Colleague: 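Shown below is the structure under consideration.
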Amino acid sequence: MLTVSAAEVDRALTFPGLVETLRTAFREGAMQPVRHHHGVERPDGAASTLLLMPAWTDFNAAGTSAGGHIGVKIVTVSPDNNAIGKPAVMGLYLLLDGVTGEPQALIDGQRLTQWRTACASALAASYLARKDASRLLVIGAGALSPFLAKAHSAVRPITSIRIWNRTAANAEKVAATLRAEGLPAIAAGDLDAELAEADIVASATISNTPLVKGALLKPGAHVDLVGGFTPTMRESDDDAIKRARVYVDTRAGATKEAGDIVQPLAAGVLKPEAIVADLHELARGEKQGRQSDSEITLFKSVGAALEDLAAGIAVYKALK
């Protein structure tokens, strides 16, 4: 069994390559139950969350039992970790032989998640963002933010990257890291002003208060909501939902777990039939993405076990 570090994941993957791997995975499909989601209460401090995300090759769809895989990601989200200088999200990914169950790889789950999440957003943007989208706003300066910047830059001609965070110093750290890699990034000070100018807005926070104000979005903008993963978390307001054509990574996950979808559905702001498509339908050409240069599109990602499985297989094949 391979034990794969974060650095080895970085060496095994590329952003354009993983976007195409995920496109193929969503087109072909896999067996993926809705993820297990458990609150872990603590006597003091914020509760942690335990996520279990299994998936396996759909042998019936593939028509063969050769070369299949089973995978499961175990993730914990502990918000108080930020106060002690540790990531809020921890995790491991276990990849197994699909026929024998033999362990094949134990992969750094945090890094695999960062790669697959960012590349799923970029995959959505390949259908939903304007072809000439060049100005990217990233909201949040956590570990995922540089991955989002690089993934979106892999599918659109990004010439300006703005990083906004409540703590400005953290935004500058991310921007400096991206500049060191040759990307045109700076820290942003005025969120509302940046929202009004952005071609793509990628938000990766755990905020319960909407940061993306729909009234400020310009015609043709694409909104990529990544951070909120519970029904109480919300990164965009009702105006954003009302003004946009809405897309999700998976309907089952987004309509159950994502506050940006669950809350508007409950309030009647969003009708179930108004969710235009998920990534399966876009990748298979069953539904259309962007219809015009002037419309606003919104994509909500909560994460799909299929993404982890595809990324884990890609890492394993690159390193074995």
Side-chain angles (χ1 to χ4, degrees), residues 33-39 41 46-47 49 51 53 77 79 88 117 120-121 124-125 127-129 137-140 142 144 148 164 166 191-192 194-196 198 200-282 286-292 294-304:
V34 174
R35 67 186 178 187
H36 303 253
H37 189 290
H38 304 281
E41 299 295 331
T49 303
L51 304 172
M53 301 178 69
V77 183
T117 302
S121 285
Y127 298 106
L128 303 177
L137 169 62
V138 178
I139 302 175
L144 184 58
L148 284 167
W164 183 90
R166 285 194 174 97
L191 177 57
D192 286 356
E194 295 296 342
L195 283 169
I200 299 175
V201 178
S203 186
T205 74
I206 54 173
S207 179
N208 290 326
T209 303
L211 298 168
V212 178
K213 301 173 184 176
L216 299 177
L217 298 170
K218 71 178 185 180
H222 170 59
V223 178
D224 170 35
L225 303 176
V226 181
F229 60 90
T230 73
T232 61
M233 294 177 180
R234 192 159 182 194
E235 297 187 285
S236 65
D237 63 11
D238 284 348
D239 284 339
I241 297 295
K242 290 175 181 176
R243 294 189 66 198
R245 285 167 56 87
V246 176
Y247 299 79
V248 296
D249 53 356
T250 66
R251 292 177 188 270
T255 58
K256 177 182 178 182
E257 300 180 23
D260 283 285
I261 301 298
V262 171
Q263 292 183 37
L265 284 174
V269 172
L270 177 68
K271 301 296 184 183
E273 59 271 20
I275 299 174
V276 180
D278 61 20
L279 283 179
H280 292 284
E281 293 166 322
L282 289 173
E286 297 170 354
K287 298 287 181 68
Q288 289 187 309
R290 173 170 290 274
Q291 301 291 296
S292 72
S294 62
E295 72 180 1
I296 295 171
T297 55
L298 183 148
F299 171 71
K300 176 55 194 165
S301 167
V302 293

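Owing to the predicted nature of the structure, the values given are computational and were not obtained by experimental measurement. Every heavy atom of this structure was used, including side-chain atoms; hydrogens, water molecules and symmetry mates were not.
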Colleague: About how many Å separate OG1 of Thr250 and CD of Glu281, when rounded to the nearest 0.5 Å?
Modeller: 11.0 Å

Colleague: Tell me, with the steps shown, if Arg166 and Leu211 meet side chain to side chain contact (heavy atoms under 4.5 Å, CB included).
Modeller: CA-CA 11 Å; Arg166 285 194 174 97; Leu211 298 168; 3.4 Å; yes

Colleague: Would you call Leu265 and Pro272 a side-chain contact if the rule is heavy atoms closer than 4.5 Å?
Modeller: yes

Colleague: Does any N or O in the side chain of Lys300 come within less than 3.5 Å of the main-chain N or O of Gly228, such that one atom is a donor and the other an acceptor?
Modeller: yes

Colleague: Nearest 0.5 Å, please: how far is CZ in Phe229 from OG1 in Thr117?
Modeller: 12.0 Å

Colleague: Using the rule side-chain contact (heavy atoms from CB on, under 4.5 Å), only one of Leu137, Asp224, Leu217, Thr205 pairs with Val212; which is it?
Modeller: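 Considering Leu137, Asp224, Leu217, Thr205, a side-chain contact (heavy atoms from CB on, under 4.5 Å) with Val212 is found only for Leu217.
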
Colleague: Answer whether the closest heavy-atom distance between the side chains of Ile200 and His222 falls below 4.5 Å.
Modeller: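 Answer yes - side chains close enough.
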
Colleague: Testing the basics here: between Val77 and Pro79, what is the closest heavy-atom pair and its distance to 0.1 Å?
Modeller: O-CD, 3.6 Å

Colleague: Any chance you could measure Leu195, atom CG, to Lys218, atom NZ, to the nearest 0.5 Å?
Modeller: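 Here the rounded value is 11.5 Å.
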
Colleague: I'd like to know if the side chain of Arg290 reaches the main chain of Gly220, judged simply by a donor and an acceptor atom lying under 3.5 Å from each other, with no hydrogens or angles considered.
Modeller: yes

Colleague: Could you go through Leu225 and Ile261, starting from their C-alpha distance and side-chain angles, then the distance that decides it, and tell me whether this counts as side chain to side chain contact (heavy atoms under 4.5 Å, CB included)?
Modeller: CA-CA 10 Å; Leu225 303 176; Ile261 301 298; over 6 Å; no

Colleague: State, yes or no, whether a side-chain contact exists between Val248 and Thr255 at a heavy-atom distance under 4.5 Å.
Modeller: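 The answer is no; the side chains never approach within 4.5 Å.
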
Colleague: Using a 3.5 Å distance criterion without hydrogens, assess whether the side chain of Asp239 forms a donor-acceptor pair with backbone atoms of Lys213.
Modeller: no

Colleague: Do the non-hydrogen side-chain atoms of Lys256 and Val302 ever get within less than 4.5 Å of each other?
Modeller: no

Colleague: Please report the closest heavy-atom contact between Leu148 and Ala204, naming both atoms and the distance.
Modeller: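 Taking Leu148 first and Ala204 second, the nearest heavy atoms are CD1-CB, 3.7 Å.
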
Colleague: Donor-acceptor check, side chain of Tyr247 to backbone of Thr297, threshold 3.5 angstrom: yes or no?
Modeller: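 No; zero donor-acceptor contacts below 3.5 Å.
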
Colleague: Which pair of non-hydrogen atoms, one from Ala277 and one from Lys287, has the smallest distance, and what is that distance?
Modeller: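 Answer, listing the atom of Ala277 first, then Lys287: CB-CB, 3.5 Å.
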
Colleague: Once rounded to the nearest 0.5 Å, what's the spacing between atom CG of Leu128 and atom CD1 of Ile296?
Modeller: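 The CG atom of Leu128 sits 13.0 Å away from the CD1 atom of Ile296.
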
Colleague: Where the side chain of Arg251 meets the backbone of Ile275, is there a donor-acceptor pair that is under 3.5 Å apart?
Modeller: yes

Colleague: Backbone N or O of Leu191 within a donor-acceptor pair of the Glu194 side chain at under 3.5 Å?
Modeller: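 A pair under 3.5 Å: no.
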
Colleague: Of all the heavy-atom pairs spanning Ser121 and Val226, show the shortest one and how long it is.
Modeller: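 Heavy atoms of Ser121 and Val226 come nearest at OG-CG2, 3.4 Å.
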
Colleague: Rounded to the nearest 0.5 Å, what separates atom CG in Asp237 from atom NZ in Lys242?
Modeller: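 It comes to 9.0 Å.
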
Colleague: Whether the side chain of Asp260 engages the backbone of Ser236 through a donor-acceptor N/O pair (distance < 3.5 Å, no angle test) should be reported.
Modeller: yes

Colleague: Check whether Arg234 reaches the backbone of Gln263 with its side chain - one donor and one acceptor, N or O, closer than 3.5 Å.
Modeller: no

Colleague: Give the minimum heavy-atom separation between Ala198 and Ala221, together with the two atoms involved.
Modeller: O-CB, 3.9 Å

Colleague: What distance separates Leu298 CG from Arg245 CZ, expressed to the nearest 0.5 Å?
Modeller: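 Separation between the atoms: 12.0 Å.
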
Colleague: Can you see which heavy atom on Ala304 is nearest to which on Asp249, and at what distance?
Modeller: N-OD2, 4.1 Å

